[in-house]
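Quick note: numbers below take in every heavy atom, side chains included, and nothing from hydrogens, waters or symmetry partners. Start at 1 with the first residue, then count along the sequence.
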Amino acid sequence: MKTKNNHGFPPVDKQAWIDQAVKDLKGEDFGRLITKVPEGFSLLPFYTAEDAASSQWVKYYENRINPPLPDRPPRIWSNTVEITVAPESEMNREILSVLNNGADGIILGLTGKENLNIIFNTLSTGAAQVWLRPLGEPAAILRSFLGWFRNQSHDFSLLHGGILWDSLTEGFKRRIDLEQQLAQALALFELSLQFPHFKSICLDTAIYHNTGATNVQELGYGMAAFVELMHGLTENGAKPEDIFRDTFVYTAVGSNFFMELAKLKTYRAGFQQLGELYGVAVKPEDIHLFVASSQWTKSGIEADNNLIRNTAEAMAAVIGGCNTLFVAPHDNSEEPDNFSKRMARNISLILKDECYFDKVMDPSAGSYFVECLMDALHGHAFGLLKTVEEKGGWWKSYLNHTIQDDVKKTRLEKFNRVMDERLTIPGISSALKIKPAPEAYEEEAYQLKPIAHSFNLEKSL
């Protein structure tokens, strides 16, 4: 079929664009417009169909973000908020308040000793996604919660959510034993098998992002950790198809808008392809992405700039394909005030109800730039995964601190680029200078300590 040209403009090839750019540069080198990014590849100043010719494989993943639901808009994501740890009655009041004001998912920090009847008083089961953040022994906390739910409802499909605990990345916070961590992961997995929409295997890659890693490092080391976990769980009798069904990715998005949304789309493609390697038919739209706003990009003293960054990051998360969105309060406090919590909750509502982001399934589909970004991220991430596997796998790389040293090196390079003014952070006043957080250099070797205020802003002397 012959393509019609309804606009009367002749097709323009890439060389013609380059020639025009060189002309506008008045003879200067076109190469000055090409940007080398920390991920290990270069970004062109523009992309054409010629550039995207080698990345046609990504089109398989277009418009495959969430399963369609009757009487719902095409694009669906959960607006999730974190509930302050407090007496049970106060937690109950806060849950009811946020659910009545636009939230449809909650994050609960639990020790396992709480009276869940008080916390969920007057709240119908299945009314919202429930994500548990264990503040004690994860299996005991999950056992207590699921036992309570069984007493409330015999329809286990009503429970949606999961547990925000990654057995392997716990090793970046404290010393761990692999067999013990796999045993805990298996216990969580077996506890949740009867609950088809409650996920017990959390692949936490946000920790790489929040400690300064590149997107390639986050993707590559994240998938390597999943391969390590798959190996351990299947050796103990778990079925690969059940593991994939029970897994969700917990990641974070930063301020590099297109790179971040391409990262999320690459996660969906990468895990679908990992499923094929294990003989599991995984639908891209069934892969659950839990996406949080970045800790790495936030300022300790300029909260209003954090609000702007949160908004841009939430936009990238939604366009990139998040299924659950958590925007942290912009005041960056351990005890955020009510205004910050309301603004964080409202960002998702504004994107949905005022910007109509829920009316289009995949707005970035067909973008040559995004397709090429996905192709580059995918190639480099799988290259890193292959390297890790050749060196003995994620656990061995963790034990010899290869992962930690690699991420710390990247973080130091980022700090140096900012301090040398080779990297600009939007929203930072020129009257301020940036110093790396001291704790970034005072960690034990096994740690990847998340930095709450990665770029500490201090007034120039």
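- Applying the 6.0 Å contact sphere to NZ of Lys359 captures more than 12 heavy atoms from other residues, nucleotides or ligands.
- At most 12 non-hydrogen atoms from other residues, nucleotides or ligands lie less than 6.0 angstrom from OH of Tyr356.
- Across Leu110 and Ile141, no two heavy atoms sit closer than the pair O-CD1, 3.1 Å.
- Asp331 and Asp337 get closest at one heavy-atom pair: OD2-N, 3.1 Å.
- Take Asn66 and apply the side chain to side chain contact (heavy atoms under 4.5 Å, CB included) test, not counting sequence neighbours, and it matches Arg75, Ile76, Asn323, Met361.
- When only modelled atom types and interatomic distance are considered, Thr324 and Trp77 share no side-chain donor-acceptor pair under 3.5 Å.
- Taking the six-membered ring for Trp, Phe198 and Phe156 have ring centres at least 6.0 Å apart.
- With values rounded to the nearest 0.5 angstrom, Leu186 atom CG is found 5.5 Å from Asn236 atom CG.
- A donor-acceptor pair shorter than 3.5 Å can be found between the side chains of Thr111 and Glu114.
- In this model, no donor atom of one side chain and acceptor atom of the other lie less than 3.5 Å apart for Glu313 and Ser255.
- Because its NZ or CZ atom is not both nearer than 6.0 Å to the ring centre of Phe145 and within 45° of the ring axis, Arg143 does not count as a cation-pi partner of that residue.
- Residues Tyr250 and Phe326 place their aromatic rings such that the two centres sit no closer than 6.0 Å.
- Under the 3.5 Å distance criterion, with hydrogens and angles disregarded, a donor-acceptor pair is assigned to the side chains of Tyr221 and Asp406.
- Here Phe271 and Phe226 bring their ring centres to under 6.0 angstrom of each other.
- Note: Trp296 and Phe415 meet the aromatic proximity criterion, with ring centroids under 6.0 Å apart.
- Here the two rings, on Trp131 and His288, have centers that are under 6.0 Å apart.
- With 3.5 Å as the limit, one finds no donor-acceptor pair spanning the side chains of Glu39 and Thr214.
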